[in-house]
Number of protein chains: 2
Amino acid sequence: MSHDHEKIVKATLKNMPDMDTIFDLADFFKVFSDSTRIRIMCALFEQELSVCCIAESLNMEQSTISHQLRILRRENLVKVRKDGKQSYYSLADDHIKLIFEMGLEHITE
Amino acid sequence: MSHDHEKIVKATLKNMPDMDTIFDLADFFKVFSDSTRIRIMCALFEQELSVCCIAESLNMEQSTISHQLRILRRENLVKVRKDGKQSYYSLADDHIKLIFEMGLEHITE
DNA sequence: TGAACATATGAACACTTATTCATATTACAT
DNA sequence: ATGTAATATGAATAAGTGTTCATATGTTCA
C-alpha cells in the first residue's frame, strides 16, 4: 500500500453517523426509490386525495395503492383523514417537495 | 363515490412529471437507499479515498465496495481518479451532503 | 519476465420487494 | 338486516438487489 491506511481510516470514521442513523436514512430514501410511491406523492402535491382517486389518477389497482400508502404511512410521509367510507391521504412533511427538487436538480444536470 | 372523480383526476395529473422523469428520480433515490452506499458517501465527505481504504474503513470486502462504487459511478454520484494501481474516489455532486441532511431532518423530527 | 498488489467483474445465492388476487373489514344506505 | 362501496391486508409470485467467491485485468517493482 502506498498510503497510510490507519490514519485515513481514523479520519474517515470520525464523522461517520452511527449504524442506527445509517439504516434509518436508508429506509427513508428507500421510500423515494419506487416510481409508484413517487407518483403518489406527486399526486398529493395538489391536494388531499382518496385512495380510489389516487388509483384512478395513476391508472393502477386500488390494492397496489393501498399497499404503497401503508409504506408511506409507516415512514411518516403521508397522513390519513377518514371520512365515512373514504380515507383521504395528504403529505405529512413539508420537505418532500424540496427533496424531489434536489433529485430533479441532479438528474437534469 | 361521494366526490367528482374526473375533475380531481385531471387536476392531479396536471403537474405530474412524465414517466421518464419519475423513473430517473426513482433510480436516483435508489442509490441512497442502501446502507453500504450511504456509508461510502459519508466516508467520501472527508476526503477522496482508494477502494481498499473504503473497504478497510467500513470493514467490508473489497469486492462489495467495488460493486457499490460502480452503482455510484453509474448515477454520477462519485468520480474516479486513477493513480498507479489505485483508484481514488470522490464525490461528484455538491448536493449530496444537503440531501443527507434533509433525510436526517426528517428522521429526527 | 514474473510476482505481488489494487481494482473490477461475472456468476451464484439468499433476501427483499412490488404487484396481483382473493378476501376481510368498515361505513353507509335502503 | 342486507347489500353495496371504499379501503385494508394476507398469501403467492415474479422481478430485483446486495454480498460473496472466484477470477480477470491492469500496474508496479524486482
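Every chain is numbered from 1 and lettered A, B, ... according to where its sequence line falls, protein lines coming before strand lines.
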Worksheet item: Would a distance-only check, ignoring hydrogens and angles, find a side-chain to backbone donor-acceptor pair under 3.5 Å from A:Arg81 to A:Tyr88?
Response: no
Worksheet item: Please give, in whole Å, the distance from D:dG18 P to B:Leu58 CG?
Response: 15 Å
Worksheet item: Expressed in angstrom and rounded to an integer, what is the separation of A:Lys82 atom NZ from D:dA8 atom P?
Response: 5 Å
Item to complete: Measure the distance from CD on B:Gln86 to C1' on C:dA4 and round it to the nearest whole Å.
Response: 13 Å
Discussion item. What is the distance, to the nearest angstrom, from the NZ atom on B:Lys85 to the P atom on C:dA8?
Written reply: 14 Å
Worksheet item: Does A:His67 lie flat on the base of C:dT19, that is, centres under 5.5 Å apart and planes under 30° off?
Response: no
Discussion item. At less than 4.0 Å, is any side-chain N or O atom of B:Tyr89 found next to OP1 or OP2 of C:dA8? Yes or no.
Written reply: yes
Worksheet entry | Value in whole Å for how far the C1' atom of C:dA6 lies from OH of B:Tyr88 | 10 Å
Item to complete: Would you kindly check whether a donor in the side chain of B:Ser63 faces an acceptor in the base of C:dT9, or vice versa, at under 3.5 angstrom?
Response: yes
Worksheet item: Has A:Thr64 got a side-chain N or O lying under 4.0 Å from the OP1 or OP2 atom of C:dA18?
Response: no
Discussion item. Please give me every residue in residues 26-41 of chain B whose heavy atoms get under 4.0 Å of an atom in DNA chain D, ordered by residue number.
Written reply: B:Lys30, B:Asp34, B:Thr36, B:Arg37
Worksheet item: Do side-chain atoms of B:Thr108 reach the backbone of B:Leu104 as a donor and acceptor pair under 3.5 angstrom?
Response: yes
Worksheet item: Would the number of heavy atoms belonging to other residues, nucleotides or ligands and lying under 6.0 Å from CD of A:Glu6 be above 12?
Response: no
Discussion item. At 4.0 Å (heavy atoms only), tell me whether B:Ser87 reaches a base, stays on the sugar-phosphate, or touches nothing.
Written reply: sugar-phosphate
Worksheet item: Does B:Gln68 have a side-chain nitrogen or oxygen under 4.0 Å from the phosphate oxygens OP1 or OP2 of D:dT19?
Response: yes
Worksheet item: Rounded to the nearest Å, what distance is computed from the CG atom of residue A:Asn59 to the P atom of nucleotide C:dT19?
Response: 13 Å
Practice prompt. Indicate yes or no: does A:Lys14 engage B:Glu46 in a salt bridge with an N to O separation below 4.0 Å.
Written response: no
Worksheet item: If you look at every heavy atom in B:Phe32 and B:Ile38, which pair is closest and at what distance?
Response: O-CD1, 3.2 Å
Practice prompt. Measure the distance from CG on A:Leu49 to P on D:dT7 and round it to the nearest whole Å.
Written response: 11 Å
Worksheet item: Step by step, would you call B:Cys53 with A:Ile8 a side-chain contact (heavy atoms from CB on, under 4.5 Å)?
Response: CA-CA 7 Å; B:Cys53 265; A:Ile8 291 173; 3.8 Å; yes
Item to complete: With DNA chain C as reference, determine whether B:Val51 or A:Glu61 sits nearer its 5' end, using the nearest nucleotide of each.
Response: B:Val51
Discussion item. Can you confirm whether the side chains of A:Gln62 and A:Ser66 place a donor and an acceptor under 3.5 Å from each other?
Written reply: yes
Worksheet item: With respect to the side chain of A:Ser50, which nucleotide from D:dA6, D:dT7, C:dT9 is positioned closest?
Response: D:dT7
Discussion item. Closest approach to the side chain of A:Arg70, judged atom by atom: which nucleotide of D:dA6, C:dA8, D:dG10 is it?
Written reply: D:dG10
Fill in: Any N/O donor-acceptor pair, A:Gln62 side-chain to D:dA8 base, under 3.5 Å
yes
Discussion item. Side chains of B:Asp18 and B:Thr21: any donor to acceptor distance under 3.5 Å?
Written reply: yes
Discussion item. In this structure, how many angstroms lie between the P atom of C:dA6 and the CD1 atom of B:Ile54, rounded?
Written reply: 14 Å
